[in-house]
Amino acid sequence: MLNKVVTNRNVIMRRIGDVLLGIVLVLMLAPFAFAVLTAIRPAADVANDPLGLPTRITAENVATAFAQMNYAQSLWNTVLILFGTSVLTITLGSMASYPLSRIGKRWTRLTYQLFIIGTSVPIWVLIAPLYLFMRDLGLLGSFAGVILIYTAGLLPVAIFFYTSFIRQVPTELEEAASIDGAGSLRIFFLIVFPLLGPMTVTLITYIALSVWNDLIVPIIFLQGIQNGTIMSNAYALLNPLVVQPTTLFPAILLGVIPLIVLFAVLQRYVIAGLTSGAIK
């Protein structure tokens, strides 16, 4: 009798959990579905019934947003900035984390703590000095300047990720390689860095989110729609006086679709990276 009561209670709790999960999914997907439906509706249809279902489907809104955003160039700019930022952040972050995780000295602990403090500094606090610094270096309006800014801002997070992960990696392989005559750089690139694969993919995902969705840096440090990123050019379509959902929503969708594709590809690697530290 007791087992039957427990079983019935478990069934009820599972059903309640399924209902709550369904409600959460609806709340998460409803804004995206609304944006998609608005993007494919004629402007007059949206004006007459903003929350209604489409009476006619059109691709004109998407084509207009595509042209106004200079989408192909914006996508190339964003990918170029993301690639440069990822390479620099991963390379510098992993190389800095290796000695910080292996050398148990006071200066390494202090350096690590300084990097951790850097994760709490918001970028907008540093905009003014960064602007003057980039101006003096002649990097205003250049992708190189933006890549350096993103790399500097993301390095503390990369060092936090890598240092925490490397500390859990056994040192036996490194010691064996050292006995065979391998130097520190060779040990790092041939033995340690390949082990960082899951964490590197997780970090790439974090970098992609930070760079792709950022508006402050490209708007301030890049001038003109030709140099703009996807999100900054989508934001440029926003009229503060007149709201045009049939222009804004297609631009937003065009901006987030590449990011959704990236997450779909990297999803299982991200989960592996987040759980590998706990398993070790």
Side-chain angles (χ1 to χ4, degrees), residues 17-83 85-86 143 146 150 201 204-220 222-271:
D18 292 340
V19 172
L20 292 176
L21 180 61
I23 294 174
V24 172
L25 287 175
V26 170
L27 292 176
M28 291 176 60
L29 295 177
F32 184 78
F34 176 72
V36 172
L37 291 177
T38 303
I40 61 176
R41 296 174 65 189
D45 193 6
V46 175
N48 292 331
D49 188 6
L51 299 179
L53 294 175
T55 58
R56 184 168 63 88
I57 295 177
T58 178
E60 182 180 351
N61 300 331
V62 178
T64 301
F66 189 95
Q68 291 181 353
M69 289 174 63
N70 194 17
Y71 187 77
Q73 184 65 45
S74 301
L75 180 61
W76 169 252
N77 296 344
T78 308
V79 170
L80 182 62
I81 293 172
L82 177 58
F83 177 78
T85 302
S86 300
F143 293 148
V146 172
Y150 280 133
V201 175
I204 289 175
T205 306
Y206 181 86
I207 293 172
L209 266 177
S210 302
V211 172
W212 202 279
N213 293 328
D214 182 54
L215 288 175
I216 296 178
V217 173
I219 287 177
I220 294 178
L222 294 174
Q223 291 87 32
I225 192 171
Q226 286 295 119
N227 294 329
T229 61
I230 282 184
M231 289 306 180
S232 65
N233 285 346
Y235 178 77
L237 300 181
L238 180 62
N239 190 331
L241 301 178
V242 180
V243 177
Q244 297 178 315
T246 52
T247 300
L248 183 60
F249 286 175
I252 294 173
L253 291 176
L254 288 173
V256 301
I257 284 175
L259 200 57
I260 293 174
V261 173
L262 178 64
F263 271 99
V265 173
L266 299 181
Q267 177 184 358
R268 63 190 184 96
Y269 299 104
V270 172
I271 295 174

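Since the structure is predicted, the reported quantities are computational estimates derived from the model, not experimental observations. Residue numbers start at 1 and run along the sequence shown.
- Contact record, T58 with P42: CG2-N, 3.7 Å, taken as the closest heavy-atom pair.
- For V62, the side-chain contact (heavy atoms from CB on, under 4.5 Å) partners at least two apart in sequence or on another chain are P250, L254.
- Among pairs with a residue in residues 33-68, those fulfilling ring pair (Phe, Tyr, Trp, His ring centres under 6.0 Å) read F34-F249, F66-Y71, at least two apart in sequence or across chains.
- In this structure, the side chains of I230 and L259 stay at 4.5 Å or more apart for every pair of heavy atoms.
- Checked against side chain to side chain donor-acceptor pair (under 3.5 Å), S232 has the following partners two or more places apart in sequence or in another chain: T229.
- With hydrogens and angles ignored, the 3.5 Å screen pairs a side-chain donor or acceptor of N61 with a backbone N or O of A39.
- F143 contributes atom CZ, which lies 15.0 Å from atom CZ of F83 (distance to the nearest 0.5 angstrom).
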Side chains of residues 20-31: which donor-acceptor pairs under 3.5 Å do they make with residues two or more places apart or in other chains?
none

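- Just one residue in the list V79, T78, T85 forms a side chain to side chain contact (heavy atoms under 4.5 Å, CB included) with I81, and that residue is T85.
- Y235 meets the side-chain contact (heavy atoms from CB on, under 4.5 Å) test with L215, I219, L238; sequence neighbours excluded.
- Checked against side-chain contact (heavy atoms from CB on, under 4.5 Å), A234 has the following partners two or more places apart in sequence or in another chain: M69, A251.
- Shown here for Q226 and Q73, the closest heavy-atom pair between the two residues is O-CG, 3.4 Å.
- Summarising the geometry, atom CG belonging to L80 is positioned 11.0 Å from atom CG belonging to L75; distances are rounded to the nearest 0.5 Å.
- Counting only residues at least two apart or in different chains, salt bridge (charged side-chain N to carboxylate O under 4.0 Å, His left out) contacts with residues 26-37 are absent.
- Separation of atoms CG (L237) and CD1 (I252) is listed at 9.5 Å; rounding is to 0.5 Å.
- Note: I257 CD1 to L262 CG = 14.0 Å, rounded to the nearest 0.5 Å.
- Every side-chain contact (heavy atoms from CB on, under 4.5 Å) that L82 has, sequence neighbours left out, goes to S86, I207, A208, V211, W212.
- The salt bridge (charged side-chain N to carboxylate O under 4.0 Å, His left out) check on D45 picks up R41, with sequence neighbours excluded.
- Minimum interatomic distance between F263 and L209 (heavy atoms only, all atoms of both residues): CZ-CG, 3.5 Å.
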Worked check of side chain to side chain contact (heavy atoms under 4.5 Å, CB included) between M231 and V256: CA-CA 9 Å; M231 289 306 180; V256 301; 3.7 Å; yes
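- The shortest heavy-atom contact between N227 and N77 is C-ND2, 3.4 Å.
- By the 6.0 Å contact criterion, OH on Y206 is open, its count of non-hydrogen atoms from other residues, nucleotides or ligands being 12 or less.
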